[in-house]
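In each ligand, atom 1 is the first atom listed, and ligand 1 is the first ligand listed. Predicted, not measured: the structure shown is a model, and the values here were computed from it.
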Amino acid sequence: MREIVIGAAQMGAIQKADSRDAVVARMIALLDEAIAAGCTLVVFPELCLTTFFPRWYMEDEAEVATWFETEMPNAATQPMFDRAREANVAISFGYAEKTPEGQHFNTQILTDQAMNIVGKYRKVHLPGHSEFDPDRAFQHLEKRYFEPGDLGFPVFRNMDAWMGMLICNDRRWPEAYRELGLQGVELIMLGYNTPTTNSQNPDEPPSMREFHSDLCCQAGAYQNSAWVVAVAKAGDEDGHPLFAGSIIVAPNGMIVQKAKTDGDELLVHACDMDATKFGKATIFDFKRHRRTEHYGRITGQTGVIYPDGTKG
Ligand code: CDT
């Protein structure tokens with residue numbers, strides 16, 4: 001058995017006016033709860049230090065800059081790093097990263113139990129749009145504020161396991177999980193900020209939105225025989241609701257833990273990394289069963305091309 005007791009630290013709403021210090025204090029409270037529950041790894045959501053700012057259209061670069069971190073750890077997050085180091089607990093969380101070269105990424109990091117940053121992932125699948133869209137009920141401007149990640153889908157050796165990260169919209173793309181699966185990933189950590197309503201389809205019920213989230217995480221876990229820890233930032237942010245429903249999914253695709261509230265809430269599960277072995281050795285033994293000679297379109301084209309040559 002290679003058991004890691006994992007805490008999925010769902011976070012409730014963060015308002016535009018909330019300070020980093022106040023948010024980090026909430027994260028430390030969740031961390032303390034996780035430490036008391038015996039967790040050695042705690043996963044927080046996407047962009048968890050601030051409100052989900054890509055819903056706001058901004059033209060002023062100085063204003064945009066206020067949502068980004070230029071170093072990690074920094075003054076605001078250092079107390080959380082200190083608390084985790086003292087307790088020998090690894091963490092993973094998402095934030096908006098501005099590099100010294102001035103690039104902007106939607107980023108998630110992973111630490112070891114001594115709080116060294118041992119892994120970094122930058123979101124590849126950026127949803128939404130880059131200009132103000134008057135036809136939407138609300139904006140989703142990730143393509144405006146971030147560049148697509150430039151690190152691919154790396155997998156890291158940490159705590160005697162192979163670990164990878166995805167961020168929010170990535171969870172809807174089977175290619176993302178398979179990139180990790182092909183590196184033997186055993187644990188996939190992902191955070192999300194997903195609006196409760198579809199800005200382009202008011203008839204889509206919230207239950208269906210949560211169903212799609214579960215569906216993708218469960219399929220990704222099962223088809224790659226890996227644990228998936230999917231952690232929401234949820235609740236009503238300045239009148240904009242995000243759904244909750246954080247889950248921990250076993251390598252057989254079954255949900256073993258699910259959040260009950262849309263606030264700060266910790267899920268805890270003892271995840272045995274050896275439970276990934278059966279699926280990887282049988283139905284999803286990639287080296288025996290994959291037929292790459294038929295997969296050329298997966299990397300050769302993006303949009304649809306119909307058999308008669310017309311483009312979708
Ligand atoms: N944060 C994020 O990636 N949210 C998206 C919403 C897509 S709607 C434009 C998601 O896939 O959950």
When you pair each N or O of ligand 1 with protein N or O atoms, which pairs come out under 3.5 Å?
from: ligand 1; atom 1: 1 (N); to: E46; atom 2: OE1; distance (Å): 3.0
from: ligand 1; atom 1: 1 (N); to: E46; atom 2: OE2; distance (Å): 3.4
from: ligand 1; atom 1: 1 (N); to: E142; atom 2: OE2; distance (Å): 3.1
from: ligand 1; atom 1: 1 (N); to: N193; atom 2: O; distance (Å): 3.1
from: ligand 1; atom 1: 3 (O); to: K123; atom 2: NZ; distance (Å): 2.7
from: ligand 1; atom 1: 3 (O); to: E142; atom 2: OE2; distance (Å): 3.2
from: ligand 1; atom 1: 3 (O); to: N169; atom 2: N; distance (Å): 3.3
from: ligand 1; atom 1: 4 (N); to: N193; atom 2: O; distance (Å): 3.1
from: ligand 1; atom 1: 11 (O); to: N169; atom 2: ND2; distance (Å): 2.8
from: ligand 1; atom 1: 11 (O); to: R172; atom 2: NE; distance (Å): 2.7
from: ligand 1; atom 1: 11 (O); to: R172; atom 2: NH2; distance (Å): 3.3
from: ligand 1; atom 1: 12 (O); to: R171; atom 2: NH1; distance (Å): 3.3
from: ligand 1; atom 1: 12 (O); to: R172; atom 2: NH2; distance (Å): 2.9
from: ligand 1; atom 1: 12 (O); to: T194; atom 2: OG1; distance (Å): 2.6

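Here the closest heavy-atom approach between residue I6 and residue C39 is recorded as C-SG, 3.9 Å.
Just one residue in the list K16, R55, Q15 forms a side-chain hydrogen bond (donor to acceptor under 3.5 Å, both in side chains) with E237, and that residue is R55.
In this view, D285 and K287, R288 satisfy the salt bridge (charged side-chain N to carboxylate O under 4.0 Å, His left out) rule, not counting sequence neighbours. For the side-chain contact (heavy atoms from CB on, under 4.5 Å) test, residues two or more places apart in sequence or in another chain that qualify with N74 are E69, E71, M72, A76, T77.
Salt-bridge annotation for E46 and K123: present, with a side-chain N of the basic residue lying under 4.0 Å from a carboxylate O of the acidic one.
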Result block: side-chain N/O donor-acceptor pairs under 3.5 angstrom for residues 239-252, not counting sequence neighbours:
from: S246; atom 1: OG; to: Q10; atom 2: OE1; distance (Å): 2.7
from: S246; atom 1: OG; to: A232; atom 2: N; distance (Å): 2.8
from: N252; atom 1: OD1; to: M254; atom 2: N; distance (Å): 2.9

